[in-house]
Trainee: 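Right, I'll just put the structure down here and ask away after.
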There are 2 protein chains.
Amino acid sequence: MERVYNFSAGPSMMPLEILETAQKEMLNYSGTGSSIMEMSHRSKPFQAVVDNAEATLRRIMEIPDDYTVLFLQGGASTQFSMVPMNLAQRGQTTAYAVTGVFGKKAWEEAGRWGNAVAVINGKDNEFTAIPKLDADSLPRDAAYLHITGNNTVYGTTWNTLPQTELPLVADWSSAILGKVIDVRKHALIYAGAQKNMGPAGLTIVIIKKELLDRQLDNVVPTMLRYNIHAEKGSMYNTPPCYSIYMAGLMFDWVNRQGGVAALEARNAERAGRLYAALEECKLFHPLAAEKDRSIMNVTFKLDTEEMTADFLKMAQNRGMISLKGYRTVGGCRASIYNGMPNEGVQLLIDTVHDFEMGKRD
Amino acid sequence: MERVYNFSAGPSMMPLEILETAQKEMLNYSGTGSSIMEMSHRSKPFQAVVDNAEATLRRIMEIPDDYTVLFLQGGASTQFSMVPMNLAQRGQTTAYAVTGVFGKKAWEEAGRWGNAVAVINGKDNEFTAIPKLDADSLPRDAAYLHITGNNTVYGTTWNTLPQTELPLVADWSSAILGKVIDVRKHALIYAGAQKNMGPAGLTIVIIKKELLDRQLDNVVPTMLRYNIHAEKGSMYNTPPCYSIYMAGLMFDWVNRQGGVAALEARNAERAGRLYAALEECKLFHPLAAEKDRSIMNVTFKLDTEEMTADFLKMAQNRGMISLKGYRTVGGCRASIYNGMPNEGVQLLIDTVHDFEMGKRD
């Protein structure tokens, strides 16, 4: 059987050449006589893997020197707690722009620590657009403003960052490396790896160094302290070694494609063609407001559940899987991250047209 | 270059046949057309991977039905916080048997949450033996007694579990699946995977179900709550999918070897031969008290640092790596987990004898 086109929102497809490299190096990494998985995280060969991964990520994201890069575990969901515990005093006000399922979770989690205020709440438009944020309305004493840069569930994104004097914290899990992110405009960026960067089990945090100096409440667990991980170069305890190795291969791949800007151009062009096809066809209805559409997650509906099921079946028969929409939203979702080949997007577009024309395989 | 014998305390060697299976399935797992790394964690094939891993672990460890098995992230270090936050009220007394570096860390971390009492402290004997624990001296109001079942740094182990009425919580990171552990005698067992179970980035927790019903302090992060992970079958958020898959291969391997008891017999026999060789030779001195010796981590010293360096070099030349002792202890440490072939242990024994006889390669 051939490889399928997997439109999953994450974990998601990886470029074939990366998987082939991992396959080749599985029993013996770079002449060391060990798999990466078997190596002490304190060994020189593994330290070189981490150092190279960080250096390449810094290059492709243009991360300034006054930011620290951390390789952590626990996913974005753990960041929902770490952000307030590290950046806000207990009970302090924090500001959350709630634009989707994960933004809501982040906001609720911050409420365990302090006074988390939802400064916008996208449920008023069913999360199909990013509401306008009035900078003057933000609480001035807030420790930071938190946004979800790209909303996987609804397929919306912040195409322009909000204007604010507050430190900006962003969950860029589903768009990092898929489009250019200006690190300087952020105090902290976090992202789970399993969409654009590699396998699940790794979380990247990019944090302005001056934020590491704060005195934290004693109750904050050691493993949830950014400064501990920063001091130890992400090696306070055993890191998720294999996921870091795979992410490093992905960073090299991004570099070989010409960098993030080149990938963004490719991603925007092919997402644009997919949106155009959906707009053209009467049976398909894109969900997200045009101005806020994501180039990573394209959400759309058909008129009935039956038609949706027929379309998903036709797609599956053509080797395209995981196109079903999020359970609370329904319809379809095509996640077209960096690892999705152009051929996969084209096949989806062709299938949309064929379905519209009444063709069934 | 051939594969080396890697005596690292973790991450550590895996059986070659497991790595070969992973290599073969890298681009296309079981005819799905995807790598395990690319698959949605909500997909049927991945759910089957998790279900099989749990079922096999339950079989080989004889885990009773009134215990829940969790696949988590963050290593044992995260458990150092989760245990008190989930099993003790804020400020409540907890009891810690401090028998090594990681037991000390667990104790200190519990101090962030409550009144963590060190009921024994192995620093009095430089952690080379497990001090006797007087059950009558334990604080009666303690939420639990915590032990580190096997101490990697000093090479000691609890060969007999302490007698206590308190719920017993044990960090079995470095011996799980390497020797039989009676789950029923524990309230909670936790273990990082990267020694006997698979790659880093996965932590196994085995918890008595009745402990999941407690009302937790609001400040406890969602991701640090056992009951959330239990309710969601370890899928509250994206789990470390590939590490779970590899651990599943390892569980199957343990099963094929005849189970944990058969591996314990093999491990005890070959560790016994290594200890005997060290005892026989005048240049080598085992560190751990005989009654408390671990069959997983064998620690020993030579008389001078120069001799230690010579021995490590000779071992390296023969294809044996990561034999250096922990930085605060010095000397040598041979971690001989399940994945270490018998040939590796025999080569080490032969090298000890050759070094003693004055042979140099």
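Below, chain A is the first sequence line, B the second, and so on; all start at residue 1.
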Trainee: Going by residue number, which parts of residues 190-200 of chain A are within reach of chain B, meaning a heavy-atom gap below 4.5 Å?
Mentor: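 The residues closer than 4.5 Å to chain B, in numerical order, are A:Gln194, A:Pro199, A:Ala200.
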
Trainee: For A:Leu72, is it the side chain, the backbone, both or neither that has a heavy atom under 4.5 Å from a heavy atom of chain B?
Mentor: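 For A:Leu72, no heavy atom lies under 4.5 Å from chain B.
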
Trainee: Using every non-hydrogen atom in the two residues, find where A:Ser81 and B:Thr222 come nearest and quote the distance to one decimal.
Mentor: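 Minimum heavy-atom contact is OG-N, 4.5 Å.
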
Trainee: Heavy-atom cut-off 4.5 Å, strictly under: side chain, backbone, both or neither for B:Arg90 against chain A?
Mentor: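 Contact with chain A: side chain only.
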
Trainee: Given heavy-atom pairs under 4.5 angstrom as the criterion, report whether the side chain, backbone, both or neither of B:Ile36 touches chain A.
Mentor: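 The answer is neither part of B:Ile36.
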
Trainee: Is B:Met82 in contact with chain A via its backbone, its side chain, both, or neither, using a 4.5 Å heavy-atom distance?
Mentor: neither

Trainee: Can you see which heavy atom on B:Pro221 is nearest to which on A:Met85, and at what distance?
Mentor: CG-CE, 3.9 Å

Trainee: For chain B, which of A:Leu16, A:Val219, A:Leu224, A:Asp217 has the most heavy-atom pairs under 4.5 Å?
Mentor: A:Val219

Trainee: One pair to check against side chain to side chain contact (heavy atoms under 4.5 Å, CB included): A:Val220 and B:Arg112. What are the steps and the verdict?
Mentor: CA-CA 8 Å; A:Val220 178; B:Arg112 294 190 182 281; 6.0 Å; no

Trainee: Return yes if some donor-acceptor pair links the side-chain N/O of A:Glu38 with the main-chain N/O of B:Met14 below 3.5 Å, else return no.
Mentor: yes

Trainee: Let me know if B:Lys105 has heavy atoms under 4.5 Å from chain A in its side chain, its backbone, both or neither.
Mentor: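 The side chain, not the backbone.
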
Trainee: Could you tell me which non-hydrogen atom of B:Met39 sits nearest to which non-hydrogen atom of A:Asn6, and how far apart they are?
Mentor: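 For B:Met39 versus A:Asn6, the nearest heavy atoms are CA-ND2, 4.1 Å.
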
Trainee: Could you grab the distance from atom CG of A:Leu19 to atom OG of B:Ser34, nearest 0.5 Å is fine?
Mentor: 9.5 Å

Trainee: Given that the side chain runs from C-beta out, which part of A:Glu20 has a heavy atom under 4.5 Å from chain B: side chain, backbone, both or neither?
Mentor: both

Trainee: Taking all heavy atoms of A:Arg3 and all of B:Ser35, pick out the closest pair and write down the distance.
Mentor: NH1-N, 3.9 Å

Trainee: Look only at the side chain of B:Gln73 and the backbone of A:Gly74, and say whether a donor-acceptor pair between them is shorter than 3.5 Å.
Mentor: yes

Trainee: To the nearest 0.5 Å, what is the distance between OG1 (A:Thr238) and CG (B:Leu202)?
Mentor: 12.5 Å

Trainee: Measuring from atom CG of A:Asn218 to atom CH2 of B:Trp113, what distance do you get when rounded to the nearest 0.5 angstrom?
Mentor: 11.0 Å

Trainee: Does A:Gln23 use its side chain to pair, donor to acceptor, with the backbone of B:Met26 at less than 3.5 Å?
Mentor: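 Absent.
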
Trainee: Quick one: OG on B:Ser8 to NE2 on A:His41, what's the gap to the nearest 0.5 Å?
Mentor: 8.0 Å

Trainee: Take B:Ser77 and A:Tyr236 through the side chain to side chain contact (heavy atoms under 4.5 Å, CB included) test and state the conclusion after the steps.
Mentor: CA-CA 9 Å; B:Ser77 295; A:Tyr236 171 74; 4.1 Å; yes

